[in-house]
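Here the structure comes first, spelled out in structure tokens, and everything after it is commentary.
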Amino acid sequence: MTAEDSYDRLHDDDYPAYTMGRAADMLGTTQSFLRALGEARLITPLRSAGGHRRYSRYQLRIAARARELVDHGTPIDAACRIIILEDQLEEAQRINAEHRRTHPTAGPAGAG
């Protein structure tokens, strides 16, 4: 691995750089909370060669959102569903914006 490869990983949101303990510390939560998110299939940490869970910055952002919802009284299963729906909505909005950008003369469906 070159120094450039190492530098690129610092900016890669998907690189599994954080151990479970470090991730829990960063989020101010417990390791069991992170395991619960995995069991709910909200995030799937990658595994090191030794089988230890490793989390990316992207996964930590998702876990932080789940913790925010749970801290406000939302059950963990509901929090996971909310986050999945938020993600789907964001993706649909991105697709719609791209469609409007590439097809600026297209009007709303049913118009005419």
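- Remark: Gln59 CD to Asp14 CG distance equals 8.0 Å, nearest 0.5 Å.
- In terms of heavy-atom proximity, Asp13 sits nearest to Ser56 at O-CB, 3.1 Å.
- Rounding to the nearest 0.5 angstrom, the gap separating the CD atom in Gln31 from the CZ atom in Arg22 is 12.5 Å.
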Report the C-alpha separation of Arg53 and Leu34 in whole Å, then their side-chain angles, then the decisive distance to 0.1 Å, and conclude whether the side chain to side chain contact (heavy atoms under 4.5 Å, CB included) test is met. CA-CA 10 Å; Arg53 290 174 179 89; Leu34 292 174; over 6 Å; no
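- The two residues Tyr55 and Pro45 have their closest heavy-atom pair at CE2-CB, 3.6 Å.
- Hydrophobic clustering places Ile76 together with Met20 (ILVMFWY residues linked when any side-chain heavy atoms are closer than 4.5 Å, directly or through intermediates).
- Contact between Thr74 and Ala78 at its shortest, heavy atoms only, is CG2-CB, 3.7 Å.
- Applying the side-chain hydrogen bond (donor to acceptor under 3.5 Å, both in side chains) rule to pairs touching residues 76-91 yields Arg65-Glu86, Glu91-Arg94, sequence neighbours excluded.
- The closest side-chain heavy-atom distance from Arg57 to Tyr18 is below 4.5 Å.
- Taking CD1 from Ile83 and CG from Leu42, the interatomic distance works out to 5.0 Å, rounded to the nearest 0.5 Å.
- Rounded to the nearest 0.5 Å, atoms CG (Leu85) and SG (Cys80) are 11.5 Å apart.
- In this structure, the separation between CG on Leu60 and CD1 on Ile43 is 7.5 Å, given to the nearest 0.5 Å.
- Expressed to the nearest 0.5 Å, how far CG of Leu69 lies from CD1 of Ile82 amounts to 5.0 Å.
- When all heavy atoms are compared, the tightest approach of Ala64 to Leu27 is CB-CD2, 3.7 Å.
- In this structure, Arg100 has no salt bridge (charged side-chain N to carboxylate O under 4.0 Å, His left out) partners at least two apart in sequence or on a different chain.
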